[in-house]
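A quick write-up on the structure given underneath.
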Amino acid sequence: MKYIIRAVKYFVYTSILVCITMAILVVLGFVSSDVNVMFREGWKSVGLIAAMFAFVSAFYPRFGYLTRMVHTGKSVSQLKSEICGYMEGRHYRLETAEGETLTFVKRSIVLRIMRLGEDRITISSCTGGFEVEGPAREVQPIVSGLDYRLSDPNGDTANY
């Protein structure tokens with residue numbers, strides 16, 4: 001169900017962005033307000049553009065979200081303070097902490113709105129470490145940073 005909701009959100013979001021862009025172009029006088037003049041095929045083109053947005057939106061959640069593992073040999077509960085400190089440095093706040101699962105969201109309400117509320121990072125224990133799940137553009141740097149921070153042999157975290 002989460003997948004379908006994300007797909008619909010992205011379809012609506014891209015549609016709104018294109019409508020705003022076209023409205024600005026009309027207001028500035030760069031294009032005609034008549035859809036039959038604006039697009040070569042008129043309303044048929046609008047339908048084709050919407051179909052293209054629907055196609056891309058249907059597949060984006062599959063590639064835009066992922067799960068990666070950090071191999072530490074420790075559970076989330078053992079590393080909670082280090083993980084929370086690292087996520088605070090990346091402008092996340094702890095939303096929930098239930099057992100072996102930590103959920104973080106962006107602190108900035110503007111960023112949360114721009115990302116359609118799809119900024120949630122979930123960190124949960126698994127065999128040999130923990131998994132980080134969330135938007136791909138956020139998960140990969142978080143996994144790399146946590147892996148480096150938690151495996152630093154000197155324990156030096158001054159650079160974070």
Side-chain angles (χ1 to χ4, degrees), residues 1-25 28 30 48-160:
M1 187 65 173
K2 191 186 311 185
Y3 186 93
I4 293 170
I5 291 170
R6 284 178 178 160
V8 169
K9 279 184 181 180
Y10 284 109
F11 176 76
V12 170
Y13 185 68
T14 55
S15 298
I16 289 171
L17 284 178
V18 168
C19 288
I20 289 171
T21 303
M22 295 308 296
I24 290 170
L25 292 174
L28 293 176
F30 291 123
L48 292 172
I49 292 168
M52 181 185 68
F53 289 162
F55 181 77
V56 170
S57 295
F59 289 101
Y60 180 75
R62 173 70 180 114
F63 300 105
Y65 295 86
L66 53 89
T67 302
R68 293 285 185 256
M69 185 165 175
V70 177
H71 300 280
T72 61
K74 296 182 180 179
S75 69
V76 170
S77 59
Q78 293 170 320
L79 299 169
K80 183 178 178 181
S81 62
E82 291 91 347
I83 292 170
C84 288
Y86 179 78
M87 294 301 285
E88 281 288 321
R90 293 196 53 86
H91 307 289
Y92 279 89
R93 67 174 173 80
L94 182 62
E95 183 182 41
T96 60
E98 298 174 359
E100 292 290 319
T101 302
L102 304 174
T103 305
F104 296 89
V105 293
K106 282 287 191 186
R107 277 188 269 161
S108 168
I109 195 75
V110 173
L111 285 175
R112 295 204 70 209
I113 291 169
M114 288 179 62
R115 293 184 180 171
L116 305 172
E118 296 292 339
D119 62 334
R120 187 165 281 107
I121 301 291
T122 304
I123 299 175
S124 55
S125 287
C126 64
T127 306
F130 55 88
E131 291 180 336
V132 180
E133 178 186 356
R137 66 177 167 245
E138 295 289 328
V139 167
Q140 199 55 47
I142 288 170
V143 166
S144 297
L146 281 172
D147 191 37
Y148 179 77
R149 184 173 188 165
L150 298 174
S151 66
D152 186 8
N154 300 325
D156 181 21
T157 58
N159 296 325
Y160 301 99

Can you confirm whether [X] sits close enough to [Y] that some side-chain heavy atom of one is under 4.5 Å from a side-chain heavy atom of the other?
X    : Y    : result
T103 : R120 : yes
I142 : F104 : no
M114 : D119 : no
I113 : S108 : no
V56  : T14  : no
Y3   : R62  : yes
E133 : V139 : no
V76  : T101 : no

What closest approach, in Å, do [X] and [Y] show between heavy atoms, and which atom pair accounts for it?
X    : Y    : answer
G129 : T72  : CA-OG1, 3.6 Å
F53  : S15  : CD1-OG, 4.0 Å
A136 : P141 : O-CD, 4.5 Å
P61  : A7   : CG-N, 3.7 Å
C126 : E131 : SG-CG, 3.6 Å

How long is the straight-line distance from [atom2] of [Y] back to [atom1] of [X], given to the nearest 0.5 Å?
X    : Y    : atom1 : atom2 : value
D147 : R68  : CG    : CZ    : 13.0 Å
L79  : C84  : CG    : SG    : 10.5 Å
F130 : H71  : CZ    : NE2   : 10.5 Å
I121 : E95  : CD1   : CD    : 11.5 Å
I123 : L94  : CD1   : CG    : 9.5 Å
M87  : K106 : CE    : NZ    : 8.0 Å

_Is it true that, when you exclude K80 itself, more than 12 heavy atoms of the residues, nucleotides or ligands shown sit nearer than 6.0 Å to its NZ?_
no
*Assess whether side chain to side chain donor-acceptor pair (under 3.5 Å) is satisfied between S124 and E100, documenting all intermediate values.*
CA-CA 6 Å; S124 55; E100 292 290 319; over 6 Å; no
*Check the pair R93, E88 against side chain to side chain contact (heavy atoms under 4.5 Å, CB included), reporting the backbone distance first and the verdict last.*
CA-CA 6 Å; R93 67 174 173 80; E88 281 288 321; 4.2 Å; yes
_With a 3.5 Å distance limit and no angle check, can you tell me whether R149 reaches the backbone of I83 through a side-chain donor-acceptor pair?_
no
*Can you say whether the rings of Y60 and Y10 are parallel (under 30°), tilted (30 to 60°) or perpendicular (over 60°)?*
perpendicular
*Are R115 and E138 within salt-bridge range, i.e. N to O under 4.0 Å?*
yes
